[in-house]
2 protein chains.
Amino acid sequence: MAKSSSCAIEYTLSLIAGKWKTVILYHLFHQPVYRFNELKKLMPDCSQRMLSLQLKELEKAGLIQKKVYPVVPPKTEYSLTKLGQSMLPVIKAMDKWGLDHHNQLNKEP
Amino acid sequence: MAKSSSCAIEYTLSLIAGKWKTVILYHLFHQPVYRFNELKKLMPDCSQRMLSLQLKELEKAGLIQKKVYPVVPPKTEYSLTKLGQSMLPVIKAMDKWGLDHHNQLNKEP
DNA sequence: ACCCTTAGTTACAAATTATTCCCTATCCAT
DNA sequence: ATGGATAGGGAATAATTTGTAACTAAGGGT
């Protein structure tokens with residue numbers, strides 16, 4: 001995304017700044033392996049194409065990896081790489097902040 | 001930015017996702033008060049316009065506040081709100097990750 | 001009279017991201 | 001023969017973000 005970043009934070013942000021990337025990472029922290037359509041179901045507002053793009057970028061960044069089974073119908077499995085796992089503190093901090101401060105969330109009984 | 005987010009992480013990301021927002025927050029954590037041009041100097045690649053926009057969005061999000069002194073030439077001071085301060089763990093985690101993993105950074109002696 | 005400073009704004013162009021809709025391949029079941 | 005399931009790809013378009021450059025106000029200094 002960003003060509004170069006003089007600053008550590010910019011760099012981190014450049015890797016996770018896509019609209020769905022942090023959400024994907026979040027899900028993969030909760031369950032280590034997901035198939036494409038399983039992720040899709042977890043993110044109903046994310047179109048198939050966007051999911052595909054975001055996965056591709058995460059993969060390119062080295063945060064996730066995918067395993068393709070040459071079967072019919074196709075089957076792929078996505079999981080975090082070691083690098084991706086190291087992002088856990090960031091994702092966790094963001095999740096916690098959101099839970100603590102997004103009042104619109106889980107308000108109704 | 002995002003209209004609504006079903007998920008905590010998306011919400012957090014929506015508030016800090018601008019190109020310079022995390023950097024601004026980062027600087028304000030290090031020094032609690034900055035003037036516009038002081039921030040500008042810390043972020044040479046950020047244009048005046050972008051800085052202005054990002055500050056405005058951070059303010060709208062309630063993460064920073066600004067104090068305007070009605071003097072000539074103008075003087076304004078930016079600082080974190082309480083809400084902004086609560087973002088520290090997120091910013092810190094991102095900074096740490098970037099430092100740990102951005103090899104291009106501080107490589108040469 | 002003219003320039004400097006600060007903290008912006010405006011207008012416009014360019015680049016990046018996101019959305020929509022439809023298309024592919026292959027095998028299995030009906 | 002048709003339709004379904006899975007994991008995408010492609011093209012066109014829309015929306016958003018970012019970049020560039022010039023402009024403003026108001027007072028002080030020379």
Side-chain angles (χ1 to χ4, degrees), chain A residues 1-7 9-11 13-25 27-28 33-61 64-79, chain B residues 1-7 9-11 13-25 27-28 33-61 64-79:
Chain A
M1 236 158 194
K3 267 80 206 165
S4 75
S5 338
S6 56
C7 138
I9 288 204
E10 274 179 82
Y11 177 66
L13 188 62
S14 75
L15 299 185
I16 62 172
K19 190 162 179 186
W20 302 102
K21 289 185 197 163
T22 50
V23 182
I24 294 170
L25 294 176
H27 287 309
L28 286 173
V33 177
Y34 270 117
R35 298 183 60 175
F36 187 87
N37 273 0
E38 290 175 331
L39 282 169
K40 181 72 189 55
K41 263 166 218 154
L42 294 172
M43 293 177 273
D45 293 343
C46 177
S47 72
Q48 202 173 26
R49 178 164 155 71
M50 276 311 293
L51 180 56
S52 168
L53 287 177
Q54 302 276 289
L55 286 169
K56 217 185 281 180
E57 290 185 29
L58 284 172
E59 196 191 352
K60 192 170 154 203
I64 66 172
Q65 63 202 159
K66 95 181 180 185
K67 181 150 201 274
V68 179
Y69 296 87
V71 296
V72 165
K75 170 174 176 173
T76 55
E77 286 180 345
Y78 292 92
S79 57
Chain B
M1 236 158 195
K3 266 80 206 164
S4 75
S5 338
S6 55
C7 138
I9 288 203
E10 275 180 80
Y11 177 67
L13 187 62
S14 75
L15 298 185
I16 62 173
K19 189 164 179 185
W20 303 101
K21 288 185 200 164
T22 50
V23 182
I24 293 170
L25 294 177
H27 287 308
L28 286 173
V33 177
Y34 271 117
R35 297 184 59 174
F36 187 88
N37 274 1
E38 291 175 331
L39 283 170
K40 181 74 186 53
K41 264 166 218 154
L42 294 172
M43 294 177 273
D45 293 342
C46 176
S47 71
Q48 203 172 24
R49 173 185 143 78
M50 278 310 295
L51 181 56
S52 169
L53 286 176
Q54 302 276 289
L55 286 169
K56 219 185 279 183
E57 289 184 31
L58 283 172
E59 196 191 352
K60 194 170 153 199
I64 66 173
Q65 62 201 160
K66 95 181 181 187
K67 180 149 201 278
V68 180
Y69 296 86
V71 296
V72 165
K75 170 174 177 175
T76 56
E77 285 179 345
Y78 291 93
S79 57

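- Comparing the start and finish of the helix from dA1(C)-dT30(D) to dT30(C)-dA1(D), five pairs each, the helix axis swings through 30°, to the nearest 10 degrees.
- In this entry the distance linking CD of Glu77(B) with P of dT6(C) reads 14 Å, nearest Å.
- Within the 4.0 angstrom heavy-atom criterion, only backbone atoms of the sugar-phosphate kind lie near Lys75(B); the bases stay farther away.
- One can place NZ of Lys19(A) at 10 Å from C1' of dA15(D), the figure rounded to the nearest angstrom.
- Within the 4.0 Å cut-off from OP1 or OP2 of dT18(D), at least one side-chain nitrogen or oxygen of Gln54(B) is found.
- In this entry the distance linking CD of Glu38(B) with P of dA7(C) reads 8 Å, nearest Å.
- For Tyr78(B), a side-chain nitrogen or oxygen approaches OP1 or OP2 of dG8(C) to under 4.0 Å.
- Between the Gln54(B) side chain and the Ile24(B) main chain, no donor and acceptor come within less than 3.5 Å of each other.
- Taking only side-chain nitrogens and oxygens, Ser52(B) comes nearer than 4.0 Å to OP1 or OP2 of dT9(C).
- OP1 and OP2 of dT6(D) both lie 4.0 Å or more from every side-chain N or O belonging to Thr76(A).
- Here the nucleotide nearest the side chain of Asn37(B), chosen from dT19(C), dT20(D), dT6(C), is dT6(C).
- For dG9(D), one of the phosphate oxygens OP1 or OP2 lies less than 4.0 angstrom from a side-chain nitrogen or oxygen of Lys56(A).
- Per the geometry, CE belonging to Met50(A) stands 15 Å off C1' belonging to dG10(D), to the nearest Å.
- Residues of residues 64-74 of chain A having a heavy atom closer than 4.0 Å to DNA chain D, listed by number: Lys66(A), Pro73(A), Pro74(A).
- Within 4.0 Å (heavy atoms only), Arg49(A) reaches at least one base atom of the nucleic acid.
- Minimum atom distance to the side chain of Arg35(B) is reached by dT6(C), of the listed dG8(C), dT6(C), dT18(D).
- Between the P atom of dT17(D) and the CG atom of Leu58(B) lies a distance of 13 Å, rounded to the nearest Å.
- Going from atom CG of Leu13(A) over to atom P of dT17(C) covers 11 Å, rounded to whole Å.
- The 5' end of DNA chain D is approached more closely, in terms of each residue's nearest nucleotide, by Leu53(B) than by the other of Leu53(B) and Gln48(B).
- With salt bridges taken as basic N to acidic carboxylate O contacts below 4.0 Å, one links Glu57(B) and Lys21(B).
- Look at NZ on Lys40(B): it is 12 Å from P on dT6(C), rounded to the nearest Å.
- The interatomic distance linking Tyr34(A) (OH) with dA7(D) (P) rounds to 14 Å, in whole Å.
- Interatomic distance, CG of Leu51(B) versus CZ of Phe36(B), reported as 4.0 Å (0.5 Å rounding).
- No side-chain donor from either of Tyr78(B) and Glu59(B) sits under 3.5 Å from a side-chain acceptor of the other.
- Contact between the side-chain N/O atoms of Ser47(A) and the OP1/OP2 oxygens of dA18(C) is not found at any separation under 4.0 Å.
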